[in-house]
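Here is the structure we will look at, set down as structure tokens.
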Protein chains: 2
Amino acid sequence: MAKPAPLLQGTLDLIVLELLRSEPTNGYDLAQRIQAVSRDVLQVNAGSLYPALYRLEERGLVKAAWKETDTGRRAKVYSLTAAGRKALESQRAEWARFAGALSHILKRA
Amino acid sequence: MAKPAPLLQGTLDLIVLELLRSEPTNGYDLAQRIQAVSRDVLQVNAGSLYPALYRLEERGLVKAAWKETDTGRRAKVYSLTAAGRKALESQRAEWARFAGALSHILKRA
DNA sequence: GATCACTAGGTTGTCTAGTTATATAGACGG
DNA sequence: CCGTCTATATAACTAGACAACCTAGTGATC
């Protein structure tokens, strides 16, 4: 297994917002999902994820609610706010622009 | 004109290596090229570029040589070393992996 | 010949955000 | 009762990008 790429700074928010859009969940699960859905290419460690979630919450892009999991554990479930959905759209667009420009540079082989 | 996206941390090296591969040049010109070839999507700050060039030189990925431009100005012309070409290949691959994974996440709309 | 714009290289200080390491605590299996 | 998994959290460190400067030479314009 190739070692997971370090997350490019700035992309974690986008990933988190996107995953929360498709389904609200907690931090721990989010980390698992990121790894799973990227087929182990991406990996986020807890020390990056939790602070990122706080930042998003402070900015009003996500909201948190303590809930019980089906196994009886407490978990802080995050979901997108309206502002979060908006931010997701603009971050998606920004990523598309950036990735497009970079791959254009790389393709002029 | 949309304002240029901030460079994602870690991608500047890749861009620089790629542009130097296709043609050795100096820092100032490099900055212009990045903007031009990305159609103004990408833009590098001098305060980012010069330190980046030093780092690349320290790591032995590029080498510098003072030359005179055709207009009689001194300029530090950077070119890729063999190690630089190797590093470029692996950074291209890493970018492809990362961008692929991320766009995969975003496409499961 | 003063002023301005452009080429060219550089530094400093600040801030964001990701990494590693560590801690806590409840649940569950053996 | 011990280890492992779930789950959250924080502190210390670090890389690298940014804004805001500075120097100096060239060439045009007024």
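In what follows, every chain begins at residue 1, and chains take the letters A, B, ... in the order their sequences are listed. These values consider heavy atoms only, across backbone and side chains, with no hydrogens, waters or symmetry-generated copies.
- For the pair B:L7 CG and D:dA15 P, the interatomic distance rounds to 19 Å; values are reported in whole Å.
- Heavy atoms only, all atoms of each residue included: A:S48 and A:P51 are closest at O-CD, 3.6 Å.
- Candidate nucleotides C:dG9, C:dG26, D:dT26 were compared by shortest atom distance to the side chain of B:R73, and D:dT26 ranks first.
- Atom pair B:L12:CG and C:dT16:P shows a separation of 20 Å (rounding to whole Å applied).
- B:V77 is not connected to B:V62 by any chain of hydrophobic side-chain contacts under 4.5 Å among Ile, Leu, Val, Met, Phe, Trp and Tyr, and they are in different clusters.
- For B:R55, a side-chain nitrogen or oxygen approaches OP1 or OP2 of D:dG16 to under 4.0 Å.
- Looking at A:E58 and A:R55, no side-chain N of the basic residue comes within less than 4.0 Å of a carboxylate O on the acidic one, giving no salt bridge.
- Here D:dG16 presents its P atom at 7 Å from CG of B:D13, a figure rounded to the nearest Å.
- If you measure from atom CG of A:L8 to atom C1' of C:dT16, you get 15 Å, rounded to the nearest angstrom.
- For the pair B:S48 and D:dG16, the criterion of a side-chain N or O lying under 4.0 Å from OP1 or OP2 is not met.
- Taking only side-chain nitrogens and oxygens, B:Y28 comes nearer than 4.0 Å to OP1 or OP2 of C:dT7.
- Nucleic acid contact for B:D29: none, since no nucleic acid atom lies under 4.0 Å from a heavy atom of the residue.
- Annotation: of the two residues near DNA chain C, B:T71 and A:P51, the 5′-most nearest-nucleotide partner is B:T71.
- Counting non-hydrogen atoms under 4.0 angstrom, A:G47 reaches a base of the nucleic acid.
- Here B:G72 lies out of heavy-atom contact (under 4.0 Å) with every strand.
- Taking atom OH of B:Y54 as the reference point, atom P of D:dG16 lies 16 Å away to the nearest angstrom.
- Rounded to whole Å, the distance from CD on A:Q9 to C1' on D:dA17 is 8 Å.
- Taking atom CG of B:D70 as the reference point, atom P of D:dT26 lies 14 Å away to the nearest angstrom.
- Listed pair A:N45 / C:dT19 meets the phosphate criterion, a side-chain N or O lying under 4.0 Å from OP1 or OP2.
- When the side-chain nitrogen and oxygen atoms of B:Y50 are compared with OP1 and OP2 of C:dG10, none of them lie within a distance under 4.0 Å.
- Atom CG in B:L53 sits about 12 Å away from atom C1' in C:dG10, given to the nearest Å.
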>> If you apply the rule salt bridge (charged side-chain N to carboxylate O under 4.0 Å, His left out), what do you find for B:R21 with B:E18, and how did you get there?
In response: CA-CA 5 Å; B:R21 183 198 59 84; B:E18 173 63 29; 3.0 Å; yes
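- Heavy-atom nearest nucleotides on DNA chain D were determined for B:A46 and for A:A75, and the one closer to the 5' end corresponds to A:A75.
- In summary, of the residues considered (B:T25, B:L61, B:T81), a side-chain contact (heavy atoms from CB on, under 4.5 Å) with B:L20 occurs for B:T25 alone.
- Of the two residues contacting DNA chain C, namely A:A52 and B:Y78, the nearest-nucleotide position lying further toward the 5' end is that of B:Y78.
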